[in-house]
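None of the values given here were measured: they were computed from a predicted structure.
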Amino acid sequence: MVKKSGILLTITIIAQLLLFLFAFADLGGSEFEKWLNPEAAADLRQYTGDGKWGTAAGVFVQNVTIGGYSFLSFSVLSLFFLFFYLLHRKETSLALKRSRIFSQTQVRGESMDEKIFSPADTLIGADKALLWLEEKLFLEHDDNVALISDNEISGVGKTLIANIFAGRNRDRADFLRVRLGERSVIDAGIILLAELSADTGQVNSLMKLKEVLTASMRQSAGILILDDIDNDEASYLIPETTNWRVLATSRRKESVQEITNDLFPIEHFKPNESIELFQKLLGPSYKQESTQEYRKLANTLFNNPYGIRVAALCLKVSPEGADPSPLLNAVVVPEEDDAPIENEARQTLFQVLKYAVSLLSEKFPASRNILYDIALCPNGEINMDDFIDWQEKMGLSKNDIQEALKRAHELALLDTELVTSVSDGERKMISLQTPVLTLLRKSDDTERLNEFQGYIRETLSNIGLSEKQKGRLLSYLRHVILLQRENRYALETLYSDFFRDLFISKYLLWAYELGEDLLYHLDIKEDNDIYQAILGNQALLFKSWNMIDETFKVYKRQEEILEENNDMEGLFKCYGNQALLYRRIGRNEDALVLYRSQEKIALSMDDRSKLLQSLGNQAISLTSMERLSEALDLYRKQEELCEAGRDMECLSKNLGNQAVIQKTWGRYDDAIELHRREGELCRERGDQKGLALCYFNQANLLKTLGRIEEAVDLLKMEEEIREELEDLNGLSANYGSQAMIMSECGKLSQAVEFLRKQADVKNKLEDWAGARICYWNMGLILRELERHDEAIEQFRVSIEIGERLNDPEIDEDRNFLSTYESNPTR
């Protein structure tokens, strides 16, 4: 298959060369053009005790204009072979066969910024791995493959090979990458979903993660790089769609066996490859007479590719020059004879890394803290802009930060990438090499961890932050939480500072786990207020996931604690929350029982406000059950209490609710009178929005009674208020009502104008379905006015919107318009 493809390509190239030779002989030139592709609303209970909580790819198109037709046969021949080559290539390359719906994050293999980073090409002994990946992912179309270490030692070059493969093939496929390492699979999945601009709020389990990830990835195609897998649960990151294949890397074969059995082991260097790398990196400074010492140093490092690379780069910048003796003396094989060889290899690698960090710190003292700060990040990885912003806020200059990063990169302590995505454009990422991260994580620097936490909190408060930036910061926060999970007081601060941000940003699973971490450390009796606040929020999270049984379990747990502590205030709220949930699932009888329990608590506490609340909620439940007489009795009882306590806001709502019942019974005059009284109270209280709603409700009742002029006057008054308040939703409903009245009165031109206004508001609200209806209704009225061209235009606009919305009625509408266009006067 590959041979046939090569023959076709060779013939095609020869034909093209002949064509262009003759073409250039005729013309002597060509023209080039470059084209560029182009339920969170619920209140969050917060503890306030002690005042503490409260690419575009460039495509070059060559246009060659031939002066005559003497070479037409060459052109036809060339295109003939080109057609068959591309057809064959289409069959053999999945990457070319797939249409790209949008360009996902692409990992580039080249240097990130020539000013700061310009790594040497140190890829030695990896040709076989790259060819294997080429064959598996582009020719044989394997779904999933993996690069693994020949043992459990890091530094053999798996990630480097994966990144270079992605960089070399980014024009053939889109690449989306996430590094697992110390991240949980859930965390890695949330990061992937954020890259896909998908909603993470419903992810509450591994199964849900797989479901949401699969749905998101069905909209695109490419190769997913899962780097540094150390958990057999990584299979949950594999979408159930053939659009995406997976390239995994891991130190343990067992970790990827659930993903694939197609494995390529990356081995340590052979001795001659180690010497080749020393020669390549040291260049002219390589000491030929010290070859045996270089070889000994490589053997001491067990010919680990990364260790040799760091050693060579240290020698390159060392004051002693490229003499390997000082470094060879610093790297000593452990003396334990019974130690496994992988432990010895790890220890010698750490020793050369310590040497490198020490060498770097001597020249650039700030670099040590910079490296430690990067190590605080998840997987020792952070967005470049975020990191510079953080370090500048800690007093370092941008130039010093960049210089330190450059030097760390020159010693191969730091890895860099340039990634591109549709939503973010180009982003620069910095990350510590895995062995460096392991080394630095051995130190515990609480002070710097707190400073990192402070930076996250301060930056999240910036109202100009994009959702992508917020998502990145919250992923850093998630890692801080994991590092602090044994520290009760740190978790308490984290919860009070960040729970709301996690909730609103829809990182709900992280919010839930933060609550569970803190609950584990709390004492129910001594920390009752905090405990209750967290339980309430945990219930909110379960409710947002529509996990009703789990929500009730949390509320019942909360209820038991409150009863034991005789906390009537808390119990009243707990009953109310449960009743609200019962109403949501249609169990109004159960809700009514709890609201009556609330009434008893309110009476025992002699709390008028709570009593009014419980009576109103009981009436709402009874209304939902169509027990209107009982509901009205409760509303009248509530009305008396409101008047006695001069609670005008409650009384205003009460009158409106009574009017609804009177309207249901067909007692329109009684309902109008109740709305009139409600309006007076709204006017006295300065409640303009409430007053506008009163006018709207009265107007519709007056219209029902045929009192059109009064209805129109009230709608005009409402319109003025809505415009003053810039209440677009209210204006939309108002315009719709006025359009309906004008239409029923035969004032069709005025009805069209109100519908046009309503359509404009719907567009501002991005209510496309509502706008579609407005345009269609305009078309119907314009047809009645025999303004056929205008009517056809409105129908077309409505149909265009319907096509974008995949409206099921679109075919029927198209047929209607086709008939109308063929004979408008019929």
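Side-chain contact between Arg457 and Ser461 is absent, with no heavy atoms from C-beta onward closer than 4.5 Å. Side-chain contact between Arg756 and Gln794 is present, with heavy atoms from C-beta onward closer than 4.5 Å. Side-chain contact between His675 and Leu655: absent, with no pair of heavy atoms (C-beta onward) separated by less than 4.5 Å. Inter-residue side-chain proximity for Asp647 and Leu651 is flagged as unmet; no heavy-atom pair is nearer than 4.5 Å. Between Leu628 and Leu622 there is no side-chain heavy-atom pair separated by less than 4.5 Å. Under the 4.5 Å side-chain criterion, counting only non-hydrogen atoms from C-beta, Leu535 is not in contact with Tyr555. Between Leu213 and Val203 there is no side-chain heavy-atom pair separated by less than 4.5 Å.
Under the 3.5 Å distance criterion, the side-chain polar atoms of Asp807 are matched with a main-chain donor or acceptor of Glu809. Formation of a donor-acceptor pair under 3.5 Å by the Asn806 side chain with backbone atoms of Gly802 is not found in this model. With hydrogens and angles disregarded, a donor-acceptor distance shorter than 3.5 Å links the side chain of Thr623 to the backbone of Ala619. A donor-acceptor distance shorter than 3.5 angstrom exists from the side chain of Gln558 to the backbone of Gln532, with no hydrogens or angles considered. Here the side chain of Thr551 pairs a donor or acceptor atom with the backbone of Met547 at under 3.5 angstrom. With hydrogens and angles ignored, the 3.5 Å screen pairs a side-chain donor or acceptor of Gln758 with a backbone N or O of Ser732. Judged by distance alone, the side chain of Asn657 and the main-chain N or O of Lys653 form a donor-acceptor pair under 3.5 Å. Side chain of Ser652 to backbone of Glu649: no donor-acceptor contact under 3.5 angstrom is found. A donor-acceptor distance shorter than 3.5 angstrom exists from the side chain of Asp767 to the backbone of Gly770, with no hydrogens or angles considered. In this structure, Asn654 contributes its side chain and Cys650 its backbone to no donor-acceptor pair below 3.5 Å.
Annotation: Met740, atom CE; neighbour count of heavy atoms from other residues, nucleotides and ligands within 6.0 Å does not exceed 12. For Asp789, the CG atom counts as loosely surrounded, since its 6.0 Å shell holds 12 or fewer non-hydrogen atoms of other residues, nucleotides or ligands. Residue Lys663 places its NZ atom among 12 or fewer non-hydrogen atoms of other residues, nucleotides or ligands, all under 6.0 Å distant.
With ring centers used as reference points, Phe795 lies under 6.0 Å from Phe816.
Checked against Leu514 for a side chain to side chain contact (heavy atoms under 4.5 Å, CB included), the options Leu477, Leu502, Leu519 give a single hit: Leu502.
By the 30° and 60° cut-offs, the orientation of the rings of Trp545 relative to Phe542 is perpendicular. Relative ring orientation between Trp510 and Tyr507 is described as tilted, the plane-to-plane angle lying within the 30° to 60° band.
Checked for salt-bridge contact, Glu639 and Arg636 miss the test: no charged N lies under 4.0 Å from a carboxylate O. A salt bridge links Arg478 with Glu513: at least one charged nitrogen is closer than 4.0 Å to a carboxylate oxygen. Residues Arg796 and Glu821 are paired through a salt bridge, judged by an N-O separation under 4.0 Å between the basic side chain and the carboxylate. Of the charged side-chain nitrogens involved, at least one lies within less than 4.0 Å of a carboxylate oxygen, so that Glu589 and Arg627 count as a salt-bridged pair. In this structure, Asp811 pairs ionically with Arg814, as a charged nitrogen and a carboxylate oxygen lie closer than 4.0 Å. Look at Glu744 and Lys703 and you find a salt bridge, because one of the NZ, NE, NH1 or NH2 atoms lies within 4.0 Å of a carboxylate O, short of that distance. Electrostatic pairing of Asp813 and Arg772 counts as a salt bridge here, judged by a charged N lying under 4.0 Å from a carboxylate O. Glu680 and Arg677 are not joined by a salt bridge, as no carboxylate oxygen comes within less than 4.0 angstrom of a charged side-chain nitrogen.
Of all the heavy atoms in Arg583 and Asn588, the pair that sits closest is CG-OD1, 3.5 Å. Leu473 approaches Leu465 most closely through the heavy-atom pair CD1-CD2, 3.5 Å. Residues Leu612 and Gln638 come closest through the heavy atom pair O-NE2, 2.8 Å. Taking both residues in full, the closest heavy atoms of Leu611 and Ala602 are given as N-CB, 3.5 Å, listed atom of the first, atom of the second, then distance. Annotation for Ala711 and Ile741: closest pair CB-CD1, 4.2 Å, computed over non-hydrogen atoms. When all heavy atoms are compared, the tightest approach of Ala194 to Thr200 is N-CG2, 4.4 Å.
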For a side-chain contact (heavy atoms from CB on, under 4.5 Å) check, start with the C-alpha distance between Met742 and Glu753, then their side-chain angles and the critical distance, and finish with the verdict. CA-CA 10 Å; Met742 293 299 108; Glu753 291 310 309; over 6 Å; no
For a side chain to side chain donor-acceptor pair (under 3.5 Å) check, start with the C-alpha distance between Glu673 and Gln662, then their side-chain angles and the critical distance, and finish with the verdict. CA-CA 10 Å; Glu673 175 59 22; Gln662 297 295 349; over 6 Å; no
Quick one: do Phe498 and Ser505 satisfy side-chain contact (heavy atoms from CB on, under 4.5 Å)? Show the steps, please. CA-CA 11 Å; Phe498 293 110; Ser505 301; over 6 Å; no
Decide yes or no on ring-ring contact (aromatic ring centres under 6.0 Å, His included) for Tyr820 and His788, but give the supporting numbers first. CA-CA 9 Å; Tyr820 179 43; His788 300 301; 5.7 Å; yes
ring-ring contact (aromatic ring centres under 6.0 Å, His included) assessment of Tyr595 paired with Tyr575: CA-CA 7 Å; Tyr595 286 138; Tyr575 285 154; over 10 Å; no
Would Lys506 and Gln202 satisfy side chain to side chain donor-acceptor pair (under 3.5 Å), going step by step from the backbone distance to the final call? CA-CA 8 Å; Lys506 294 194 174 181; Gln202 291 304 307; over 6 Å; no
Stepwise side-chain contact (heavy atoms from CB on, under 4.5 Å) test for Ile721 and Phe696: CA-CA 11 Å; Ile721 296 174; Phe696 179 82; over 6 Å; no
Would Leu705 and Asp669 count as a side-chain contact (heavy atoms from CB on, under 4.5 Å) if you check the C-alpha gap in whole Å, the side-chain angles of each, and the deciding distance to 0.1 Å? CA-CA 9 Å; Leu705 293 173; Asp669 288 327; 3.6 Å; yes
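Going from atom CG of Leu603 over to atom CZ of Arg608 covers 11.5 Å, rounded to the nearest 0.5 Å. Atom CG of Asp590 is separated from atom CG of Leu581 by 10.5 Å, given to the nearest 0.5 angstrom. Between atom CD of residue Gln688 and atom CG of residue Leu725 there is a gap of 6.5 Å, rounded to the nearest 0.5 Å. Here the CG atom belonging to Asp549 is positioned 8.5 Å from the CZ atom belonging to Phe552, to the nearest 0.5 angstrom. Atom CG of Leu518 and atom CD1 of Ile534 lie 4.0 Å apart (nearest 0.5 Å).
Using a 3.5 Å distance cut-off with no hydrogens or angles, the side chains of Gln538 and Glu516 do pair a donor with an acceptor. Side-chain contact check for Gln469 and Ser466: at least one donor-acceptor pair (N or O, by modelled atom type) lies under 3.5 Å. Glu630 and Gln618 are not linked by any side-chain donor-acceptor pair at a separation below 3.5 angstrom, with hydrogens and angles left out of the test. Using a 3.5 Å distance cut-off with no hydrogens or angles, the side chains of Asn537 and Tyr512 do not pair a donor with an acceptor.
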